[in-house]
Protein chains: 4
Amino acid sequence: MGKIEEKKRQKKEALLASAFQLFTEKGIDNTSISEIAKNANMAKGTFYLYFKDKYAIQDCLVAYEANRIFEKAHIQLNNELFQKVSDSFEDAIICLVDCVIEQLNENPVILRFIAKNLSWGIFSNIRISDLDNQNCMDIFDELIQKSKKKFRQKELMVFMIVELVNATCYNVILNHSPVGIEDLKKDLYAAIRSILEQFELQ
Amino acid sequence: MGKIEEKKRQKKEALLASAFQLFTEKGIDNTSISEIAKNANMAKGTFYLYFKDKYAIQDCLVAYEANRIFEKAHIQLNNELFQKVSDSFEDAIICLVDCVIEQLNENPVILRFIAKNLSWGIFSNIRISDLDNQNCMDIFDELIQKSKKKFRQKELMVFMIVELVNATCYNVILNHSPVGIEDLKKDLYAAIRSILEQFELQ
Amino acid sequence: MGKIEEKKRQKKEALLASAFQLFTEKGIDNTSISEIAKNANMAKGTFYLYFKDKYAIQDCLVAYEANRIFEKAHIQLNNELFQKVSDSFEDAIICLVDCVIEQLNENPVILRFIAKNLSWGIFSNIRISDLDNQNCMDIFDELIQKSKKKFRQKELMVFMIVELVNATCYNVILNHSPVGIEDLKKDLYAAIRSILEQFELQ
Amino acid sequence: MGKIEEKKRQKKEALLASAFQLFTEKGIDNTSISEIAKNANMAKGTFYLYFKDKYAIQDCLVAYEANRIFEKAHIQLNNELFQKVSDSFEDAIICLVDCVIEQLNENPVILRFIAKNLSWGIFSNIRISDLDNQNCMDIFDELIQKSKKKFRQKELMVFMIVELVNATCYNVILNHSPVGIEDLKKDLYAAIRSILEQFELQ
DNA sequence: GATGAATGAGCGTTCATTCAT
DNA sequence: AATGAATGAACGCTCATTCAT
C-alpha cells in the first residue's frame, strides 16, 4: 500500500522544512535535533528514523535549494530565448547567472545557507529534477551545442565562472562591500565574457 | 622586570600554537577550550586569562597566518623585481598571486584554515607588520603608481581577483578537482590579466 | 496508560525528597543540582526534566512543608474545639500558634528551612489543600466570624502575630537563647493576646 | 612605627567599603573575592592578608552597620531627652525604635543587608564604640534605672521587641506589604507599649 | 607586605543518543 | 512506526586559593 510510503515522505519533508527554517534562522550549530523534531511536530526519536544526524539533513537541503534556484533560472532562460531569438551564447550564460544572482539577492538567507556549504563536488553533481535529471554541465553543453562554438576545458571554464560568481556575490550581497550588487554585476559580467572568450577555440 | 612579561608572551604563543594545531586537525567546532589548554600544557582556567573564547584565538590566528603569507609574497616580489627590471605591472601582480598560491599549495592545512574564515572585511584590513603596517591595498597602489597606469574602481578590481583566486584554489588544492593546480594556474592568470585590462583606463 | 504518569510523579517526589534532605543538611547554597540528582539515584540531566533550577525545587518545598504544618495545626484546633466548647477566640488563636510551635520545636530542621525563606507574600498565599484551598486569612476570618467579635485591619494584625512568632521562635528553638521555648511561650502568648485586644473594635 | 599600622588599617577599611558596596548592589552570593579586591584597588592575594573569606568580611560589616545605626539612635534620644524632660521610659524606647526605623526606611539597602544576617547572638553583643563599648542591654538598663521602674526578664523583653520590630519592618519597608510604614508604626508602637507593660513588675 | 599568574575542582546546562513502551 | 523519558559525557565558564616574585 502506497499510503504508508506517502506518510513517510510527508514526515521527511516536514523534517526538512523544519530544519531549513531553523538553520537559516539560527545557524546549524545553534539548532539541536530536538528542536528540529519539535518544530516538525514530532518526537525526538522519530528524527532518527529518517536521518542519521543534522548534517545529513543539511546535505539534503543544500542540494535541494540549489536545485530549485537552477531550475528557476533555466525556466527563465527558456522564456527569454523564446522571446528574443537573437541572444548569443554569451548572453544566455549571463542570463542564467543573472537570474541566479537575483534570486540570491532577494533571499540572502538562502545565499548564506548554501554558499558556505556548496563545494564544487556537490554543485557539479546536482541533478535538476524537472529536466530529466540533467546536471549543470549538461545544460552548458546544450547551450554550447546550440551556439555552434567550440571550447576547451569546459569544466574548468564553468568552475572558474561559478566560483567567481559565488565568492563575489557572497560578500557583496551579505556585506554590501566593497560595492553594491548593481556595480558588481557590470564588471562581473564583463569578466565572465572575458573568461568565456579565453576558453573559446579559434 | 620583563621576565614576567616574557613568560606571558610565551603562554599566549603556546595557546596560539596549540589552537592552530587542533583547529587544523579537527576543525574549530570539534575543538574545545579544555583541549586547547591541555595541549598547551596549561590548566583550563589559564586559557581565559589570555583569550575571551576560542573565536578570539581564531581571529588572531587567521590574521597572523594571512599576514605571514603576504609578507613572504611581498619579499619574493621584491627579489624578482630586483633581478628582472623589465617586469610589467601585470607580471608583478601575477608574481604576488603565484607566490601566495605556492605557499597554500605547499601547506593546504593553512589554506583550509584561512580560506573559510577570511572575509573581504578582514582581508582588506590586514596590516603587514614588516612593511610599516601597510595593508594589501597600499601595496597594490604602490605597484600601480610605479607602473604609471591608471585604473578605475581599484578596490572592486582587487576584490574580484582575490575572491577568484581564493575560491578556485580552495577547491583545486584541497580536492584536486576539476583540474590540477598547474592547469588552473594558466587560465587563472590569464583571467586575472583580463580583469586587470578590463579596469584599466584608456 | 497511567503507568508512565505514575513513574514521573515518583521521580519528581524523589527529587523533592532528595533536595529537602540536602537543603536541610547543608543549606541550599552548598547543594548542587548534581548532588540532588545523584542523591535521588538519577542522572544529572533528568533533574532538568522536572525543575528549572534548584530554586524552583525550593519554592515547591517551602510551600509544601508550610502547608503540612498549618494543615496539622488546623486539624488539632478542630479536635480541641470539639472537646472543650468554651474556648474563646483568643484561645483558638493561641491553640493554632501553639500547635505550629510544637511542630517546629520537634523538627527544628524544618524551622530552619522554612523560616528564612517564608516571606509574608508567600505565607499569606499558602493554600491549605485539605481545606478546599482556603488560605490562612480565610481560617482567621472563619474563627473571627464564629466569635462574633469585630477587628480592624485584620491583615496587619495577623502579620504582626505571625512575624513575632516566627522571629522569636527561630532564635529560641535553634539557639536556645535568650530563654527556653517554654519560657518564651508564656510571654509570647500574652503578647499575642495584647495584640489581639489592641485591634479589637469596641 | 605607627605608620605601618595606619596603612594596614586603611587597606582593611578599603576592603570593607568595597565589599559593602558590592554586597548591597549585587548580593554576597554574586560577589567574588576577586571583585572585592579589584574594587578596592588591590590585588586578589592581598585580600587574604586581611580576611579569611568573604563571610568574615560580612560579619564585620553587619556588626559595623548595626553599630552605626544604634549609635545614631542613641545620640538622637539624648537630644530629645535634653529638650523635653517629661519623656517617660516608654517614650524613650519608642524614640529609640523610631529612630532606628527611620534610618532603615531611608536606607532599605542596609535593612536588606543587615536584617537577614543579624541574629540575636550578634545583636546582643554589639558594642557601641562611642559609648564606652556599652551594648544594647546596657543602654536599656540605663534607661530603666533612670525611670525608677522594675521589670522581670529584661533580656526576653528586649528580644521580643527587637524581633518584632526587625521582622515587621523588613517586610513593610522592602515590600510595602501588608501596609505602609506609617500604618505599621502606630500599631507597632502600641504593641511595644503592651509588651513593656506585660513585663513590668507591680 | 603586596602582587597577580596559575590552577583545577566544580558549577549549571545542553543535547545526541538509546530504548522500553 | 512513533514516542519521549532517561542518560551522562561534554561543554563553557567561574573563582577560591596558592605561591613565586
Side-chain angles (χ1 to χ4, degrees), chain A residues 3-5 7-8 11 29-38 40-55, chain B residues 1-12 15 29-38 40-55, chain C residues 1-12 29-38 40-55, chain D residues 4-5 7-8 11 29-38 40-55:
Chain A
K3 251 185 195 169
I4 239 165
E5 285 305 308
K7 238 188 174 176
K8 282 175 77 173
K11 290 249 172 187
D29 288 337
N30 299 315
T31 302
S32 69
I33 286 173
S34 171
E35 279 175 299
I36 296 171
K38 184 184 289 175
N41 297 314
M42 265 169 249
K44 209 189 312 197
T46 311
F47 179 94
Y48 292 93
L49 301 176
Y50 295 94
F51 297 97
K52 191 179 136 280
D53 55 32
K54 66 182 173 183
Y55 301 104
Chain B
M1 185 182 295
K3 245 186 199 170
I4 233 163
E5 285 305 310
E6 174 60 18
K7 243 188 171 175
K8 282 173 75 174
R9 210 189 45 77
Q10 274 177 19
K11 288 255 171 187
K12 193 163 185 173
L15 282 168
D29 288 336
N30 300 313
T31 302
S32 70
I33 286 170
S34 177
E35 280 176 299
I36 297 171
K38 185 184 289 176
N41 295 315
M42 271 171 238
K44 200 186 340 190
T46 310
F47 177 94
Y48 292 94
L49 299 177
Y50 294 93
F51 297 98
K52 193 179 134 282
D53 53 33
K54 65 182 173 183
Y55 301 104
Chain C
M1 184 183 296
K3 244 185 200 171
I4 232 163
E5 283 307 309
E6 173 61 19
K7 241 186 171 176
K8 282 173 74 174
R9 211 189 45 76
Q10 275 178 19
K11 288 255 171 184
K12 194 164 185 172
D29 288 337
N30 300 314
T31 302
S32 71
I33 286 171
S34 177
E35 280 176 301
I36 297 171
K38 184 184 289 177
N41 296 315
M42 270 170 241
K44 202 188 329 190
T46 310
F47 178 94
Y48 292 93
L49 298 177
Y50 294 93
F51 297 97
K52 194 179 134 281
D53 54 32
K54 66 183 175 183
Y55 301 104
Chain D
I4 239 165
E5 285 305 309
K7 239 189 173 176
K8 282 174 76 172
K11 290 248 173 190
D29 287 336
N30 298 315
T31 302
S32 69
I33 286 173
S34 172
E35 280 176 300
I36 297 171
K38 184 184 290 177
N41 296 315
M42 265 170 250
K44 208 189 315 197
T46 312
F47 178 94
Y48 292 93
L49 302 175
Y50 294 92
F51 296 98
K52 190 177 136 284
D53 54 32
K54 65 183 175 184
Y55 301 104

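This structure is a prediction, so every number in the text was calculated from the model and none was measured. Residue numbering restarts at 1 for every chain, and letters A, B, ... go by the order of the sequence lines.
- Summarising the geometry, the separation between NZ on K11(B) and C1' on dA5(E) is reported as 8 Å, rounded to the nearest angstrom.
- For the pair L15(B) and A37(B), the tightest heavy-atom approach, listed with the atom from each and the gap, is CD2-CA, 4.3 Å.
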When Watson-Crick pairs (N1 to N3 and N6-O4 or O6-N4) and G-U wobble pairs (N1-O2 and O6-N3) count only below 3.5 Å on both distances, what is the dot-bracket string of DNA chain F, with | for other-strand pairs? .||||||||||||||||||||
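- Proximity of E6(C) to R9(C): side-chain heavy atoms (C-beta onward) are separated by under 4.5 Å at one or more points.
- Atom P of nucleotide dA6(F) and atom CZ of R9(C) are separated by 13 Å, given to the nearest angstrom.
- Here the P atom of nucleotide dA16(E) and the CZ atom of F47(A) are 9 Å apart, to the nearest Å.
- One finds the NZ atom of K38(C) at 14.0 Å from the CD1 atom of I33(C) (value rounded to the nearest 0.5 Å).
- Straight-line distance from the CD1 atom of I4(C) to the C1' atom of dT3(F): 8 Å, rounded to whole Å.
- Expressed to the nearest 0.5 Å, how far CD of E35(C) lies from NZ of K54(C) amounts to 9.0 Å.
- The side chain of K8(C) places an N or O atom within less than 4.0 Å of a non-bridging phosphate oxygen (OP1 or OP2) of dA5(F).
- Taking atom CD of E5(C) as the reference point, atom C1' of dT3(F) lies 14 Å away to the nearest angstrom.
- The residue among K52(B) and N41(C) whose nearest nucleotide of DNA chain F is located toward the 5' end is N41(C).
- Atom NZ in K3(B) sits roughly 8 Å away from atom P in dT21(F) (whole-Å rounding).
- The distance from atom CG of L49(C) to atom C1' of dT14(E) is 12 Å, rounded to the nearest whole Å.
- Y50(A) comes within 4.0 angstrom of sugar-phosphate atoms only, judged by non-hydrogen atoms across all strands, and of no base.
- How far CE of M42(D) is from NZ of K11(D): 5.0 Å, rounded to the nearest 0.5 Å.
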Which donor-acceptor pairs under 3.5 Å do side chains of residues 44-53 of chain B form with protein atoms, sequence neighbours excluded?
unit_1: T46(B); atom_1: OG1; unit_2: A43(B); atom_2: O; d: 3.3
unit_1: D53(B); atom_1: OD1; unit_2: Y55(B); atom_2: N; d: 3.0
unit_1: D53(B); atom_1: OD1; unit_2: A56(B); atom_2: N; d: 3.0

Using atom names, set out every protein N or O paired with an N or O of nucleotides 14-16 of chain F below 3.5 Å, distance rounded to 0.1 Å.
unit_1: dA16(F); atom_1: OP2; unit_2: I33(D); atom_2: N; d: 2.9

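- Between the P atom of dG8(F) and the CE atom of M42(C) lies a distance of 12 Å, rounded to the nearest Å.
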